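Here the structure is a predicted model, which is why all the values come from computation and not from measurement. By convention here, the first residue in the shown sequence is residue 1.
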Amino acid sequence: MPYDLVIFDNDGVLVDSEPISNRLLAAYLTELGHTTSYEDSIRDYMGSAMHRIHDLVLERTGERLPAEFDDVFHERVFTAFERELRPVPGAVGVLEKLAADEVPYCVASSGSHERIRVGHRTTGLDRWFEESRIFSSQDVGKGKPAPDLFLHAAERMGVVPSRCVVVEDSPLGVQAAVAAGMDVYGFTAMTPVAKLAGATQLFSDMGELSGLLA
């Protein structure tokens, strides 16, 4: 294998959460008077840390989101996760292969530690990710497209950036991986190919990933 570490994004790559969270985000922003469609949310916020949502709304409208925005949004998301969340098809097989081959891997997500853990517990992916393999933008304070999160994950896992590959489904994540000096495989199941054009490799079925990494 040409890499010493595989870094997974979480939402949309390991857990099929993007349709759920973007539906709820669009509805909540609209409820607050910032009319947002599901398509708008996917385009503008997919892959973002929460602070970027606040920043974009303030930049566009001159209004701040309410102080309780994050807590209310996460409560709605976690409730929906309990009912609806599933692993991305093919993700379990990829993790099984990496574990069997003893290839180091981890997750580095714009989402909070709580969001990552809730998603993993709900889908059963928690068996693959002990504490030492989980990294969040909360750990660095600056989310994607900044490279900080991926560089932090690589450092903690003891691997130089040039020997890492990132698996991402958002333009922000691809930008962050490139800025970190890492190869990045762009997962196009929900994202137009053109928006991930900076990726080292593109693929549309998670079941293909093990073969691409070989």
Side-chain angles (χ1 to χ4, degrees), residues 9-85 88 107-119 122 135-153 166 168-180 184 186-199:
D9 176 41
N10 191 55
D11 294 293
V13 170
L14 294 174
V15 296
D16 198 13
S17 54
E18 294 292 10
I20 300 170
S21 57
N22 282 282
R23 183 187 77 227
L24 294 172
L25 178 58
Y28 190 20
L29 289 173
T30 299
E31 178 185 319
L32 293 172
H34 307 294
T35 303
T36 306
S37 68
Y38 172 77
E39 291 75 19
D40 293 336
S41 184
I42 291 287
R43 181 192 66 225
D44 295 340
Y45 303 119
M46 182 170 155
S48 296
M50 292 301 293
H51 70 78
R52 188 170 184 273
I53 299 172
H54 287 261
D55 292 346
L56 280 179
V57 171
L58 179 60
E59 177 185 316
R60 291 172 175 179
T61 69
E63 298 179 13
R64 295 187 182 277
L65 292 171
E68 67 274 14
F69 181 85
D70 291 14
D71 289 340
V72 172
F73 176 62
H74 284 131
E75 181 179 353
R76 295 180 182 186
V77 167
F78 296 163
T79 299
F81 278 4
E82 295 291 341
R83 297 191 307 264
E84 304 175 44
L85 191 62
V88 166
V107 61
S109 172
S110 293
S112 66
H113 277 282
E114 184 182 15
R115 178 181 172 124
I116 297 167
R117 285 169 175 74
V118 168
T122 303
F135 305 99
S136 161
S137 60
Q138 287 180 313
D139 301 333
V140 293
K142 195 172 184 182
K144 307 165 189 178
D148 304 40
L149 175 57
F150 291 141
L151 292 173
H152 171 69
V166 176
E168 263 287 355
D169 70 330
S170 76
L172 294 176
V174 169
Q175 292 172 43
V178 171
V184 53
F187 183 43
T188 62
M190 278 193 63
T191 310
V193 169
K195 289 187 175 294
L196 301 180

Flag, side chain of [X] to backbone of [Y], donor-acceptor distance under 3.5 Å:
X: His74; Y: Asp70; value: yes
X: Ser110; Y: Gly47; value: yes
X: Arg117; Y: His113; value: yes

Side-chain contact, heavy-atom cut-off 4.5 Å: [X] with [Y]?
X: Thr36; Y: Thr30; value: yes
X: Phe187; Y: Asp9; value: no
X: Arg23; Y: Glu84; value: yes
X: Val88; Y: Val13; value: no

Asp55 bridged to Arg52 by N-O distance under 4.0 Å: no
Between the side chains of [X] and [Y], is a donor N or O closer than 3.5 angstrom to an acceptor N or O?
X: Ser136; Y: Asp139; value: no
X: Thr191; Y: Asp169; value: no
X: Arg115; Y: Ser109; value: no

Once rounded to the nearest 0.5 Å, what's the spacing between atom [atom1] of [X] and atom [atom2] of [Y]?
X: Ser21; Y: Leu85; atom1: OG; atom2: CG; answer: 9.5 Å
X: Ser137; Y: Lys142; atom1: OG; atom2: NZ; answer: 12.5 Å
X: Asp44; Y: Ile53; atom1: CG; atom2: CD1; answer: 10.0 Å
X: Gln175; Y: Ser170; atom1: CD; atom2: OG; answer: 8.0 Å
X: Leu56; Y: Leu65; atom1: CG; atom2: CG; answer: 10.0 Å
X: Arg76; Y: Leu25; atom1: CZ; atom2: CG; answer: 10.5 Å

Atom CD of Glu75: over 12 foreign heavy atoms under 6.0 Å: no
Arg60, CZ atom: more than 12 neighbouring heavy atoms under 6.0 Å: yes
Aromatic ring pairing Phe81/Phe78, orientation class (parallel under 30°, perpendicular over 60°, tilted between): tilted
Parallel, tilted or perpendicular: rings of Phe69 and Tyr28 (30°, 60°): parallel
Taking all atoms of both residues into account, what is the closest heavy-atom pair of [X] and [Y], and its distance?
X: Gly198; Y: Val184; result: O-CG1, 4.4 Å
X: Ala180; Y: Pro147; result: N-CB, 3.6 Å
X: Ala26; Y: Tyr38; result: CB-N, 3.8 Å
X: Phe150; Y: Gly173; result: CE1-O, 3.5 Å
X: Gly186; Y: Ala199; result: N-CB, 3.8 Å
X: Leu32; Y: Pro66; result: CD1-CD, 3.9 Å

